[in-house]
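Only one structure is covered here, and it is reproduced in the block below.
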Amino acid sequence: MKVRVYFCKEPDIQSVIARRNKISRQALDTVYNLVWECEFKNIVNVGKIWLKFNEKGKSPFGIALRKKRSHDKIASGDIIQVATDFYMVQEVGVRKIQVND
């Protein structure tokens, strides 16, 4: 199962995406930076990934974040991709969103 984490470059866009619950693939590649990617052999839920990224000063699952990012810690509006499902991070927890091709 492939897991990817995207950090938002444009904080103003987050509210628009959060209201509509969907984003296009092109907007995802334009507005967000892919900062972390890993493949897991066993099932990992999105809540566990969100908790690992909330911990301060630690690399999630021992894998460092990529250098090109807008902030150090996961924040509201960032996106977590687990297999083919996408989730937007909120203040507490995550919410599933749709990504259109």
Taking every non-hydrogen atom, the tightest pair across Ser24 and Ala27:
OG-N, 3.1 Å

Please check if the side chain of Asp29 supplies one atom and the backbone of Gln26 the other of a donor-acceptor pair under 3.5 Å.
no

Given the rule that I, L, V, M, F, W and Y join up when any side-chain heavy atoms are under 4.5 Å apart, are Val89 and Val99 in one cluster?
no

One pair to check against side chain to side chain contact (heavy atoms under 4.5 Å, CB included): Glu39 and Val3. What are the steps and the verdict?
CA-CA 6 Å; Glu39 186 147 353; Val3 176; over 6 Å; no

Is the ring centre of Phe53 less than 6.0 Å from the ring centre of Trp36?
yes

Does a side-chain heavy-atom distance below 4.5 Å link Val5 with Ile79?
no

Does any non-hydrogen side-chain atom of Val82 lie less than 4.5 Å from one of Met1?
yes

Please answer: with hydrophobic residues joined when any side-chain heavy atoms are less than 4.5 Å apart, are Tyr32 and Ile49 in the same cluster?
no

Can you check whether Asp78 reaches Tyr6 side chain to side chain, under 4.5 Å on heavy atoms?
no

Which heavy atom in Pro60 sits nearest to a heavy atom in Lys52, and how many Å separate them?
CB-CB, 4.1 Å

So how far is it from Gln90 CD to Ser76 OG, rounded to the nearest 0.5 Å?
7.0 Å

Taking CD1 in Ile43 as the centre, count heavy atoms belonging to other residues, nucleotides or ligands within less than 6.0 Å. Is the count above 12?
no

Heavy-atom closest pair, residues Leu34 and Arg4
CD1-CB, 3.7 Å

Is Lys96 close enough and on-axis enough to Phe86, meaning under 6.0 Å and within 45°, for cation-pi?
no

Which heavy atom of Arg25 sits nearest a heavy atom of Asp101, and at what distance?
NE-OD1, 3.6 Å

Kindly check if the number of other-residue, nucleotide or ligand heavy atoms within 6.0 Å of NZ (Lys9) is above 12?
yes

Report the distance from atom OH of Tyr87 to atom CD1 of Ile97, rounding to the nearest 0.5 Å.
10.5 Å

Tell me every residue that passes side chain to side chain donor-acceptor pair (under 3.5 Å) with Gln98, counting only those two or more places apart in sequence or in another chain.
Asn100

Side-chain donor/acceptor of Lys2 to backbone N/O of Gln81, under 3.5 Å
no

For residues Cys8 and Val31, determine if any side-chain heavy atom of one lies less than 4.5 Å from a side-chain heavy atom of the other.
yes

Flag yes if more than 12 heavy atoms outside Lys22 fall under 6.0 Å of its NZ atom; otherwise flag no.
no

Report yes if the side chains of Ile80 and Trp50 come closer than 4.5 Å at any heavy-atom pair, otherwise no.
yes

Is it true that Val94 and Val44 fall in one hydrophobic cluster, defined by side-chain heavy atoms closer than 4.5 Å?
yes

